[in-house]
Amino acid sequence: MQASDLTPGGAPPAPQLPAWASLNDRGELVHGNAALAALLGCPVGALAGQSLVALLEPADAPTVRGLLPRAGRGEALSCPVRLPAAAGWYELTLLPAAGSTEVLLRPLSPAPAAPAPPPAPDQEREAQLNIIFESISDVIFVLGVEGPRRYRFQFVNAAFLRITGLPREQVLGRAVAEVIPEPSLSLALGQYQAAIRSGQTTHWVETSDYPSGRLVGEVCVTPVFDAAGTCQQLVGVVHDVTEQQQAEQALRESNERFRYALKATTDALYDWDVAADTLFWGEGFAELFGYQLAQNPTPFSQWSAYVHPDDAARTVDDLRYTAFHTEQPRWQQEYRFQRADGSWATVFDRGYLLRDARGRAVRMIGAMQDVSERKAAEQRQQQLAQELFQQNADLQQFTYLLSHNLRAPLANATGFAGLLGRLQPGTAQFEQTLEYLNTSLRRVDEILHDLNAILSVRGQALLVVPEPVPLAEVLGEVTELLAAELAGCGAEVCAELPPALRLQGRKAYFHSIFYNLLTNAIKYRAPERPLRVVVGATTGADGSVALTVADNGTGFDAGRRDAFQLYQRFHTGVPGRGIGLFLVKAHAESMGGRVAVSSRVGQGTTFTLQFSSPAA
Amino acid sequence: MTIYLIDDDSLGNYLTETLLRLENVGGEICTYESAEEALHALLRRPEPPRLIFLDLNMPVMSGWDFLDALEPHQPRLLGRCRIYILTSSLALADMERARSYELVSGLIHKPLDREEIRAIQAELSI
């Protein structure tokens, strides 16, 4: 609307008419009646063009200013107002009309002083703001600007006091230098300056030590300027990020620890995505087993296909069973896993299954540990323990037999010596007893010689420096030595040893072995046929050599007892002490060999000596 | 009265026989150097020997084997045949094992001496 539309002058106002005016969309009077002019204390002609708000008591202005746009949008509104030129309260009513807003002003009927005036809108707003300030979790503060680098706390909310742990009286009315500790103080003063200079809100993060502890806050400060453009106040908001920062720090440290742990461990870590059935591998997998992964994650088969077929059931099947048919959170197994080069590693695998609320496996995180070396060491240890156990048992048996066999002739000697005292010297019985006493003592001596022979083998076993021994040559020496005995019974020794065959060992031991086996063959030959002994050697595919000494003698029931046990005898008719085969075994074993026997009563006996490898 | 001496060591048998004779143990003394032979002889007799001295450590058939072989004939032997193990072994295990045989009346360490012979005579109430 234009000023030219106003109708100056007009009829004098009827006193009963309410004060009235019409407003344009800027809140200015287009025209008003005389009652209004009277209330406002000005001529009717002066009303046009005046801002309605400017005509009211300044304290009420903001409320009305807030209502005008609403009325413009079609709301009928009213509120109590005061007028500078008239005492008391008036009801201001805004009525939306086409293209304009009608205004009515009516005195409130009760005396203006009487009614309990509704809370002033400012007070109400302040109360509401207060509630907001005090209940908000962020720190809010207002600083009064007193000069360059001089600021004083005018307002802080409850969050400020709660978070810093400072009491209100140590903050309110205090200079910032008294409240904010260094180094945050210098930072903050700089930022305040910047905000005032630029007129813009500034942001920064500061870390300060307050009575409640170390706090990290994101600070945001806005300068507030007065009409003259002077900055009077700074309004600040601080968002406390201490916990968030601590959590981030803890996460960073934890991640770092995990990274180092990954580097420190030689295990192959994996993450099985159950739904996709893929495995994501840590570095260790390639390193431990030599696989170059073209992709990561890999299909599940990258693992399952390389589990040893004999272990697959209790490993692959068991894992899938545990994952899909149980609710167990853990799985572990030891199994063989093929390396990229085809060799087998012994692996100890341990995993943790992550399950959803219904117990279904979602992921499994685990680690494969290569325990091959430990396993091998364990096996070596087990073998060693077994050997020691066997050796100990042998020694016990040895002690038992020796004490028994040593004691037998000694007991006889004691008996004969006692008998001598009761017999008449010179009698035939006395002479016989004396002879038996001598015989018994000679046997004691024999046993002691045996003992010496046995102990020397056992004792020297560790000291033997192996030399290549030409077997055919040694056998020749032994047959030469036994030539008379062999000829005496018409025996034939067929030496079928390759002339060049040499075995690592000691010549004296091979000599003893052949000697004992040949004398045994002579001793236990079958009387009904001439003795024939065949000595041969065969070399296996693995380079091991099997020496065989086979005779056609009486044989014995080899299944009944250990033929190689000390003082074990199978024959009663032929003198023998039962030490020959014991020595054969001891000598063979001290050179790393093994001895076995097979025999059939009436047909003959074959001794087989197995040596791991021939001399180079 | 018949007495069996079973020991693969002929000197042992000779010594035991001489000591028994010196203590005037009467009757027939049969010596065997093989337990198998002794077993055959025993089983052929209508009446078992009154007394047996048995060595333990013998080739082919040991004293233990001999006792095991007698097990089926125990009813015929108990009370009529006393068996003493006569051994040079001092092993406790052997003494324990001897106790498990009902047929064994005792275990004597070689050599047999006068007191032991008299004790046995008393038990037989010869």
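Protein chains get the first letters and strands the later ones, always in sequence-line order, with residue 1 at the start of each. All of these numbers come straight from a predicted model, not from anything done at the bench.
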Next on the checklist: Strictly below 4.0 Å, N to O, side chains only: are Arg443(A) and Glu446(A) in salt-bridge contact?
Outcome noted: no
Checklist entry - Given the rule in the ring pair (Phe, Tyr, Trp, His ring centres under 6.0 Å) test, do Tyr436(A) and Tyr14(B) qualify, once you have shown the distances and angles that lead to the verdict? => result CA-CA 9 Å; Tyr436(A) 285 166; Tyr14(B) 175 82; 4.7 Å; yes
Checklist entry - Among Thr87(B), Thr16(B), Asp94(B), which residue forms the greatest number of heavy-atom pairs with chain A at distances under 4.5 Å? => result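 That would be Asp94(B).
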Checklist entry - Using a cut-off of under 4.5 Å for heavy-atom pairs, which of Asp9(B), Leu19(B), Asp113(B) has the most such pairs with chain A? => result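 Top count of heavy-atom pairs under 4.5 Å with chain A: Asp9(B).
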Checklist entry - Just checking, is any N or O donor in the side chain of Arg506(A) or Ser590(A) under 3.5 Å from an acceptor N or O on the other one? => result no
Next on the checklist: For Phe510(A) together with Phe611(A), are the ring centres under 6.0 Å from each other?
Outcome noted: yes
Checklist entry - Given that the side chain runs from C-beta out, which part of Leu22(B) has a heavy atom under 4.5 Å from chain A: side chain, backbone, both or neither? => result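 Both backbone and side chain of Leu22(B) come within 4.5 Å of chain A.
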